[in-house]
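The model shown is predicted, which means the values in this text are computed figures rather than measured ones. One is the number of the first residue; the rest follow in order along the sequence.
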Amino acid sequence: METESEPYVRLTTLRRLHQVMADMNTARSLADTLQTVADGVVNGLGYELACVNLVRPDGDLVVAAFAGNPAAEALITGRVGSRDSWERRLVMGERWGDLVFIPHTEGWVLDDDDVPQWYTDGPAPRFDDEWHPSDRLFAPMYTPGVPGGSPGELIGVLSVDRPRNGRRPGEWGREALQMYAFQAAIAISNARLRSNMQRALVRLEREQQALRASEESFRQAFEYAPSGMAIAELGGDQHGRILRTNDALCRLLGRPASAMRRYSFSDLVHPEDIGTLLRTSAEGGRAELRLGRRDGTYVWVSLRNSVVADAADGPRFLLTHVEDIEERKRRELQLAHRASHDSLTGLPNSAELRSRLSSRLCRRPAQPDAPASLDAVYGHPAYDSSGHGFDFRPDAEHYDAYDHHVHTIAPEGERDDGTKGLAVLFCDLDGFKSINDRFGHNAGDAVLIEVARRLTRGVRDGDTVARLGGDEFVVLADGLGRADAQDLAVRLRNEIIQPIRVDGRAMRVGASFGIGWAHCGMTADEVLKSADERMYVEKRSRPKQHRRAG
């Protein structure tokens, strides 16, 4: 370093300083930049030792680079000094512009603090401007601040020692070190920015790789799922429109993917299940319903919806999982049919008969404030249009619901007065026991099956033919007057008495009918008992030898 009295600066010194600054700004990493800063002090500014103390995120300063003495470098590199100790140093001593010089006469108070430091040997100075081994010179490095204002944030401190000419730096040397610290702060800030950007790029690339892997995993899971999958629009004018389907759903519905994109699920659902679909929540909703195939048939499916987003704030889509439950539904329907139908004839059984009859009857309350639920009003559980039970309290709404019930009435007197009601025809076969006794139960079962077929063939669509048990059958026929019910009983008896061929034999049974009438205020058992009693009256009124022939 040239002395302060030097009238000019050697061109070689400027070139050397220019080179170290160029190296400092072209280093590839933060670590290389820090080491280049330390080396530049030694190679370009004429000091024998240089140390870069870098501010850590917690505020303390760590020795990040050292130049000029391998032994000292190994001793203190990586060691940490507290922020308080450093701030005490930076307010002591003499201010040389932005530099801080602490002469040996004051520095002894710092010997015991926690800032990493080294000691150099040498003779005591002979002149006032000669460098003492215990002198300390610091160049704080700040981020660029507002022009003309205060400096920016402290990012580190350059510590320098032992000028090669043995003299304290003059004005030019101080200016050069101050300028170098300013450029070093810029280089370190840029290196940090590049390092952060590189880490961000690496992190972004990893996230993109993970996203691509996730998308590929989703694509494969979507495309090759064994059950149906679909993606539909959520919201907007095209809400519910199918955007994408997998092969399993196309095979299930017998429709190509290009055709599926013209529909929404509301276009494909069975008309009776549209309410179920609309009630299904878009977010996490589930439903069991029927979807239409290309051939016009329907298949039972379990439909489960979930909402997915394309990005953090991107469009939202509806992911629908469609599982074929046709076989399970078939088994459930079979079990339900078995529970409500006679296993021999296939007709509704006694429980189903009572259920259908009870659904037409109501019990009108004796007092207007007596019932607290529809069970008390009607004598059986009440349901809303969706199939779910609801509470029914004794208020105006309660009696409105009651008044909307279509009351079942019965013709009065023995003559036909024109009143139409729900006729209950109780049928008991005559001579059936002898068939069982003579020809066995297989023959008897065949006769019962044929009687059930003839009864079913002889009534209208919508009427109910049920097997009450043994050789007893019941017919529910709505909208009949007394004469209509009697004519129906005669027609059915005439059908039953026709010969029945079983295993090559012609067999005949007769039938006795009792006609009862259902009306609100009665129970199902009361209605059946009334018809049964009338049947026995009719049976006893006919000579025994004529019962089978009708």
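- Ion pairing between R328 and E288 holds under the 4.0 Å rule for side-chain N and carboxylate O.
- Looking at heavy atoms from C-beta onward, N190 lies out of side-chain contact with I188 at the 4.5 angstrom threshold.
- In plain terms, the two heavy atoms of D114 and S85 that are nearest each other are OD1-OG, 2.6 Å.
- A side-chain donor-acceptor contact under 3.5 Å links S29 and D32.
- At least one side-chain heavy atom of L249 sits less than 4.5 Å from a side-chain heavy atom of M260.
- Cation-pi geometry between R136 and F101 is not met at under 6.0 angstrom from the ring centre and within 45 degrees of the axis.
- Across all their heavy atoms, L90 and V100 have their closest contact at O-CG2, 3.7 Å.
- Counting heavy-atom neighbours within 6.0 Å of R330 CZ, excluding the residue itself, gives a total above 12.
- Residues T464 and R356 have side chains that bring a donor and an acceptor to within less than 3.5 angstrom of each other.
- Scanning all heavy atoms of the two residues, the minimum distance from R194 to T33 falls at NH2-OG1, 4.0 Å.
- A salt bridge links D58 with R56: at least one charged nitrogen is closer than 4.0 Å to a carboxylate oxygen.
- The structure places OG1 of T320 at 13.5 Å from CZ of R244, a figure rounded to the nearest 0.5 Å.
- Looking only at atom types and distance, the side chain of R354 has a donor-acceptor partner in the side chain of S350 under 3.5 Å away.
- Atoms CZ and CG, on R203 and N196 in that order, are 8.5 Å from each other to the nearest 0.5 Å.
- No hydrogens or angles considered: nothing links the side chains of D60 and S82 as a donor-acceptor pair under 3.5 Å.
- Side-chain N/O atoms of N69 and E73 include no donor and acceptor closer than 3.5 Å.
- Within the 4.5 Å cutoff, the side chain of L211 has no heavy atoms near those of the E207 side chain.
- Inter-residue side-chain proximity for Y142 and L154 is flagged as met; some heavy-atom pair is nearer than 4.5 Å.
- To the nearest 0.5 Å, atom CG of residue L137 and atom CZ of residue R174 are 9.0 Å apart.
- Counting only N and O atoms by type, the side chains of W131 and D161 include a donor and acceptor under 3.5 Å apart.
- Taking the side chain as every heavy atom from C-beta outward, L177 and V160 approach each other to under 4.5 Å.
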>> For D129 and R167: C-alpha separation, side-chain torsions, deciding distance, then whether salt bridge (Lys or Arg N to Asp or Glu O under 4.0 Å) applies.
In response: CA-CA 6 Å; D129 63 347; R167 301 294 184 89; 3.1 Å; yes
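- For the residue pair D267 and S264, a side-chain donor N or O sits within less than 3.5 Å of a side-chain acceptor on the partner.
- The CG atom of L252 sits 9.5 Å away from atom OG of S227, with the distance rounded to the nearest 0.5 Å.
- Ion pairing between R212 and E215 fails under the 4.0 Å rule for side-chain N and carboxylate O.
- Residues F138 and W86 meet the side-chain proximity criterion, which asks for heavy atoms closer than 4.5 Å.
- Of all heavy-atom pairs spanning I155 and L54, the tightest one is O-CD1, 3.3 Å.
- A distance of 11.0 Å separates CG in L30 from CG in L193, rounded to the nearest 0.5 Å.
- Between the side chains of N53 and S159, at least one donor-acceptor pair of N or O atoms lies under 3.5 Å.
- Nearest approach of L253 to G292, heavy atoms of both residues: CD2-O, 3.9 Å.
- A 4.5 Å side-chain heavy-atom check between P348 and H341 finds at least one atom pair inside the cut-off.
- One finds a salt bridge joining R219 and E216 here, because a Lys/Arg side-chain nitrogen approaches an Asp/Glu carboxylate oxygen to under 4.0 Å.
- Comment: E272 engages R290 in a salt bridge, judged by a side-chain N to carboxylate O separation of less than 4.0 angstrom.
- Between D113 and R89 there is a salt bridge, with a side-chain nitrogen of the basic residue lying less than 4.0 Å from a carboxylate oxygen of the acidic one.
- The pair E332-K329 counts as a salt bridge, with a side-chain nitrogen and a carboxylate oxygen less than 4.0 angstrom apart.
- Heavy-atom neighbours of F218 CZ from other residues, nucleotides or ligands within 6.0 Å: above the threshold of 12.
- Shortest non-hydrogen contact noted between N246 and M229 is OD1-N, 2.9 Å.
- Between W118 and C51, some side-chain heavy-atom pair lies under the 4.5 Å cut-off.
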